[in-house]
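Have a look at the structure below, then the notes.
By convention in this document, chain letters (A, B, ...) are assigned in the order of the sequence lines, proteins followed by strands, and residues within each chain are numbered from 1.
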Amino acid sequence: MPLRPSLSAVLTVLGVLLQAAPAPAAELLPSTPAPTAKDWASLASLPDWSGTWVPDMRDQGLQETSNPPPWTPSVAAEMRQAEAEEASGAPRGLFINCLPEGMPSWMLISHNAMEILFTPGQVTLLGESDGNRLRRIYTDGRPHPADPDPSFHGHSIGHWEGDTLVVDTVAILPETFIALSESVGAPNDGDMHIVERIHLAGPGVLHDDLEITAPHALSRTWKTTRVFLRHRLVRDAISEGVCLQGLFAESKDKAGHAVFIPVPQDSGGNVAPKGQ
Amino acid sequence: MTRLAISGVALATLALLSAGPAGAHHSFAMFDPTKVVVLDGAVKEFSWTNPHVSIRIMVKPKAGGEPELWTVELTSPGNLTRAGWTRTTLKPGDAAEVSIHPLRNGEHGGGFVKLKTASGQIFVGGSPGPQQGVS
């Protein structure tokens, strides 16, 4: 009679094998504890950053010309070329691929609004455009990870000094631009470190004081400030902004389904006037 | 009356109302900010889409001839909403007067400056300044 192990015997053996493997020590993995009522109540003592924050475009323009980044000499030469191309009407398209502006360009050059959420242990910035404009700033006392995955917005930890949120950001992708406009800016090329002090500077006015250290693009730490203005109308709330949607038009397929079809763009990234 | 009027110099009042460079998607430097073209015609399409809203408008040339299609790029739906627009501000067939900074390359396109609707309403674009009375 052939040996046919019973199902229960197989399961028993499998069980032994699985037990033999070292089980993950769940208690050793970092976890976020459930917030307590006290944690939620403590949010009430934070400053009021509610509403919709719209970048002050006038000040943004002034900052770009009065306090430009201290580029390294080689990057400065590239930026002069980029500025000449922009002035001639042939701008480089830093963001026409619809990848996120990321850090620090979101703070520096965005024309779109953001909102700021406080929850226990975290401040969250949400923005329009890019399709995924999101910053998480951990305020629960955790350090940066030892080897964080680089991302467009980096890894941010923060703490409150009075009514000022001090934010420390590392692990930003080297390809992410330090931008002065949609067509003038340089990749940070890695090892960028950003410290921000975000605070109310007056009624309905939020300042982000940035200190940007980018040793491969800047000759020294660049200090600059960007201003955001509060709006409270319901219509002012941030809206969905899927950048890639602009590359498509609404149409119908052969089966009558609603589908997106590509639309032509010119080299500058605007809707091509030709072939309409 | 349909007309296509080109001003060789920047109009200060229109410059103040200009949307300027808009959105994250692309620069507006391909448009000439020193010129303003007024497109008076019939809307063919109003595309309420990120990252840039666009207007396609049929314009009868001042010199005569068949209407020509022009494409106008604006800022994002979010920014336009904050400036009082909705996705139904324009509809195909609407008469409209659209002021633009034209493409430098001479093609029939431009960056949005101002809209005057058939009923005389004026719309501008761009990020708003401070909201009065909000602290």
| message | Taking side chain as everything from C-beta outward and backbone as N, CA, C, O, which of these in B/Thr81 sits under 4.5 Å from a heavy atom of chain A? Side chain, backbone, both or neither. | response | both
| query | A/His231 and B/Val134: side-chain contact (heavy atoms from CB on, under 4.5 Å), yes or no, with the steps? | reply | CA-CA 7 Å; A/His231 284 243; B/Val134 169; over 6 Å; no
| task | Mind ranking A/Pro203, A/Ala90, A/Gly51 by heavy-atom pairs under 4.5 Å with chain B and telling me who comes out on top? | result | A/Pro203
| Heavy-atom count around B/Glu66 CD within 6.0 Å, excluding the residue itself: above 12? | no
| request: Tell me, out of A/Gln245, A/Arg235, A/Arg230, A/Arg92, who's got the most heavy-atom pairs with chain B below 4.5 Å. | output: A/Arg235
| note | Smallest heavy-atom separation, B/Gly78 atom then A/Ser239 atom, equals CA-OG, 3.5 Å
| task | Name the member of A/Ser105, A/Gly202, A/Pro100, A/Ala113 that forms the most heavy-atom pairs with chain B at distances under 4.5 Å. | result | A/Ala113
| request: Using non-hydrogen atoms and a 4.5 Å limit, figure out which bit of A/Ala179 sits close to chain B: side chain, backbone, both or neither. | output: neither
| query | Take atom CG in A/Asp149; do more than 12 heavy atoms of anything else shown fall under 6.0 Å from it? | reply | no
| field | Heavy atoms of other groups near A/Arg232 CZ, more than 12 under 6.0 Å | value | yes
| query | Heavy-atom distance under 4.5 Å to chain B: side chain of A/Glu128, backbone, both or neither? | reply | side chain
| request: Search all heavy atoms of A/Cys243 against all heavy atoms of B/Pro51 and return the closest pair with its distance. | output: O-CD, 3.1 Å
| Which portion of A/Ala249 sits near chain B, non-hydrogen atoms under 4.5 angstrom | neither
| message | I'd like to know if the side chain of A/Asn112 reaches the main chain of B/Asn79, judged simply by a donor and an acceptor atom lying under 3.5 Å from each other, with no hydrogens or angles considered. | response | no
| OG/B/Ser76 to NE2/A/His111 distance, rounded to the nearest 0.5 angstrom? | 10.5 Å
| message | To the closest 0.5 Å, what do you measure between OG1 (A/Thr52) and CZ (B/Arg82)? | response | 6.5 Å
| field | A/Glu240 CD to B/Asn50 CG distance, which is reported to the nearest 0.5 Å | value | 7.5 Å
